[in-house]
A.B. asks: 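Dropping a structure here in structure tokens format, bear with me for questions.
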Protein chains: 2
Amino acid sequence: MSSGRRRKGIREVAAAAGVSVGTVSNVLNSPDIVAVDTRKRVERVMHELGFVRNGLARQLREGRGSTVGAVVLDIGNPFFTEVARGIEDRLAEAGCLLTLCSTDQRPEREARYVQMLEEHGVRGLLVTPSRRDFTSLLAVQRRGVPVVLLDCPSPAEELSSVSIDDVRGGELAAAHLVSQGHRRILFLNGPAQVMQCAARSRGARRAVRQAGLDPSRHLFEVEMSRADTDRAEHTLKQILALPQRPTAIMCVSDMVALGVMRGLRKQGVKVPDDIAVVGYDDVPFAAELATSLTTVRQPTYELGHAAAEILLTEADPAVPTRPQQLVYQPELILRESA
Amino acid sequence: MSSGRRRKGIREVAAAAGVSVGTVSNVLNSPDIVAVDTRKRVERVMHELGFVRNGLARQLREGRGSTVGAVVLDIGNPFFTEVARGIEDRLAEAGCLLTLCSTDQRPEREARYVQMLEEHGVRGLLVTPSRRDFTSLLAVQRRGVPVVLLDCPSPAEELSSVSIDDVRGGELAAAHLVSQGHRRILFLNGPAQVMQCAARSRGARRAVRQAGLDPSRHLFEVEMSRADTDRAEHTLKQILALPQRPTAIMCVSDMVALGVMRGLRKQGVKVPDDIAVVGYDDVPFAAELATSLTTVRQPTYELGHAAAEILLTEADPAVPTRPQQLVYQPELILRESA
DNA sequence: ATGAAAGCGCTAACAT
DNA sequence: ATGTTAGCGCTTTCAT
């Protein structure tokens with residue numbers, strides 16, 4: 001039953017209403033130029049026939065789609081989840097749909113999704129790149145599909161971007177630990193390839209240096225191939241086995257901090273007495289942990305909302321625009337863990 | 001610069017390679033039937049021209065799209081976030097894209113999204129309905145777009161569905177509280193209109209009854225118009241102001257439990273000594289709360305994965321199928337909060 | 001106010 | 001092996 005007879009088109013509506021397809025199209029797109037009773041009749045027929053406009057055909061004809069693609073690292077991550085809501089809400093106002101893709105920080109997945117989305121005729125692309133090389137994104141943009149970098153600055157400013165100052169965020173976190181007297185700080189980071197990770201690392205080093213200390217003596221970094229809870233917990237075990245334990249662990253995300261806290265608890269290590277922990281993101285649960293988490297808050301919803309806003313204006317052919325860079329500032333949230 | 005000259009199509013590729021559009025189409029869809037050197041040449045030209053296949057035109061021609069729409073209550077909710085990953089991963093295997101929509105439990109948003117998605121020519125729809133009336137979804141299905149209910153059983157079984165036994169889940173949670181001696185249990189629920197909420201409520205009553213007690217004396221329900229953290233915290237304040245405080249609060253979700261725990265902590269009420277709390281979902285942070293959360297775990301990723309699986313087979317015209325119902329069982333996770 | 005007709009870019013016969 | 005061509009369902013001039 002599911003594939004009865006083919007979907008009804010404006011053709012059969014036109015036939016059933018005794019008008020031409022042009023008129024049907026007009027009641028759809030310019031109802032006011034159609035005689036009232038003709039319009040009523042056509043609308044009634046549409047309803048009777050269960051007519052549903054074929055958006056594919058429409059978009060093909062109009063030359064542009066009405067969906068926007070967002071390529072992020074992982075929808076499962078609360079950070080992106082909030083960002084996604086910001087994007088979706090702004091797009092909804094514009095009548096656009098959001099297609100979400102998770103790359104898991106894998107460049108080949110990113111490339112594949114970007115290509116699929118471009119082929120699908122998206123109105124624009126929001127992407128959190130998994131590496132520093134933007135040439136393929138630039139190519140996409142050159143082909144007429146606006147691209148806005150999400151949570152990542154655009155080094156040469158050829159692409160619009162909405163980001164949060166990650167260097168500052170890393171600095172905020174590390175500076176706090178240093179001010180608390182920590183001299184053996186471990187930064188549990190994600191892949192250096194990921195710009196946010198690299199930036200936070202730079203910020204951390206800057207903070208240490210600004211305290212008149214030598215980063216190479218006081219700041220140690222462990223890079224995980226993926227920054228998720230389980231991997232963090234696993235990595236933590238190895239860290240605890242080290243001859244000299246750190247006195248503080250700065251985590252690249254709250255999810256990582258979650259894994260760290262879990263691992264620490266299992267090993268009976270007290271936070272913050274034995275080891276201090278700082279997270280990053282301030283996800284909803286951060287305040288409610290067994291030991292509430294000191295972390296860096298980022299305006300996530302706003303990030304997504306602003307990115308969608310910029311994308312939408314860039315996608316409007318009537319308004320010529322130059323790439324613009326928007327940078328939000330993170331904020332240190334002091335709680336018990338450090 | 002963004003809208004330089006129009007996107008290149010197979011036409012200009014054909015011209016530049018000195019072949020016909022049919023041949024270009026063939027190197028795209030049946031590379032093996034094209035002479036090797038012709039193919040190489042065409043591929044090189046495609047690359048030089050930066051050719052990107054127009055998926056809209058292709059899908060229009062082929063009569064079916066390659067994106068799947070998921071209409072959920074809120075992507076911001078960790079439950080759906082996990083479900084979404086399950087869906088996405090299965091779809092990726094099939095080369096399909098996922099378009100995600102949040103309804104915030106509002107029927108008019110649901111209707112709007114469902115219509116937009118149908119117009120966009122989705123291959124199928126995954127939907128968590130915000131009310132009990134499925135007639136519009138049935139209409140969509142009848143027009144040839146397979147619909148799979150997500151996290152919601154299909155009463156008359158006319159639609160496929162993948163769900164978790166919410167009656168059982170509610171029963172599990174309430175039975176535990178009753179067995180702990182609680183005789184004044186408050187169920188902080190979402191809108192009764194939402195099937196999951198109604199089902200858990202039924203389960204809770206069943207548990208009380210099965211303990212030989214009268215639900216109307218021992219189980220009280222407060223319905224919130226939206227089940228989010230902030231609203232829960234706010235509602236909790238009113239509950240604490242009641243003449244007779246409950247001895248246990250059963251929450252319809254971990255997000256609600258989070259708000260409750262936060263509110264309780266602010267008021268200096270001890271969990272579980274003064275009031276016991278049970279959540280629902282077992283989101284990643286549940287184990288790490290100041291007081292770890294006793295909750296009901298649901299196989300979320302599996303739910304999404306299975307739903308996508310069913311949808312994909314239903315969307316395959318070669319395999320005629322009957323609607324199928326899949327029901328997962330929830331599991332009580334005992335921790336400190338109750 | 002309405003109708004007729006030309007594509008949007010692609011695929012799939014069918015013809016060569 | 002490759003070329004030609006007829007649409008997919010719609011929007012949009014241009015006529016009437």
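Per chain, numbering begins at 1; letters A, B, ... match sequence-line order.
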A.B. asks: Give the rounded distance in Å between these two atoms: CD of B:Gln59 and P of D:dG9.
C.D. replies: 14 Å

A.B. asks: Rounding to an integer number of Å, can you tell me how far B:His120 NE2 sits from D:dC8 P?
C.D. replies: 22 Å

A.B. asks: Would you grab the first and last nucleotide of DNA chain C (5' to 3') that comes under 4.0 Å of any non-hydrogen atom in chain A?
C.D. replies: C:dA1 to C:dG9

A.B. asks: Not counting sequence neighbours, which residues clear salt bridge (charged side-chain N to carboxylate O under 4.0 Å, His left out) with B:Glu43? List them please.
C.D. replies: B:Arg39

A.B. asks: Applying side-chain contact (heavy atoms from CB on, under 4.5 Å), can you list everything that pairs with A:Glu108, at least two apart in sequence or on another chain?
C.D. replies: A:Arg106

A.B. asks: What pairs of residues pass the salt bridge (Lys or Arg N to Asp or Glu O under 4.0 Å) test when at least one of them lies in residues 110-132 of chain B, not counting sequence neighbours?
C.D. replies: B:Glu118-B:Arg143

A.B. asks: Through what angle, rounded to 10 degrees, does the axis of the helix from C:dA1-D:dT16 to C:dT16-D:dA1 turn between its ends, using five pairs per end?
C.D. replies: 40°

A.B. asks: Take the protein atom CD1 of A:Ile10 and the nucleotide atom P of D:dC10, then report the distance between them rounded to whole Å.
C.D. replies: 5 Å

A.B. asks: Using a distance-only test with no angle check, is there a side-chain donor-acceptor pair under 3.5 angstrom linking A:Asn29 and A:Ser25?
C.D. replies: yes

A.B. asks: Tell me every residue that passes side-chain contact (heavy atoms from CB on, under 4.5 Å) with A:Gln196, counting only those two or more places apart in sequence or in another chain.
C.D. replies: A:Thr128, A:Asp151, A:Asp166, A:Val194, A:Arg200

A.B. asks: Among pairs that include at least one residue of residues 59-68 of chain B, which meet salt bridge (Lys or Arg N to Asp or Glu O under 4.0 Å), considering only residues two or more places apart or in two chains?
C.D. replies: none

A.B. asks: My understanding is that only residues two or more places apart in sequence, or in another chain, count here; which of them pass side-chain hydrogen bond (donor to acceptor under 3.5 Å, both in side chains) with B:Ser163?
C.D. replies: none

A.B. asks: Checking B:Arg44 now: which residues fulfil side-chain hydrogen bond (donor to acceptor under 3.5 Å, both in side chains) with it, not counting sequence neighbours?
C.D. replies: B:Glu48

A.B. asks: Using the test side-chain hydrogen bond (donor to acceptor under 3.5 Å, both in side chains), find all partners of B:Thr103 that sit at least two apart in sequence or belong to another chain.
C.D. replies: none

A.B. asks: Output the rounded distance in Å from CD (B:Glu62) to P (D:dG7).
C.D. replies: 18 Å

A.B. asks: A:Asp89: which residues meet the side-chain contact (heavy atoms from CB on, under 4.5 Å) condition with it, sequence neighbours left out?
C.D. replies: A:Arg85, A:Tyr301, B:Arg109

A.B. asks: Output the residues of residues 18-50 of chain B in contact with DNA chain C, where contact means a heavy atom of the residue under 4.0 Å from an atom of the strand; sort by number or write none.
C.D. replies: B:Gly22, B:Ser25, B:Asn29

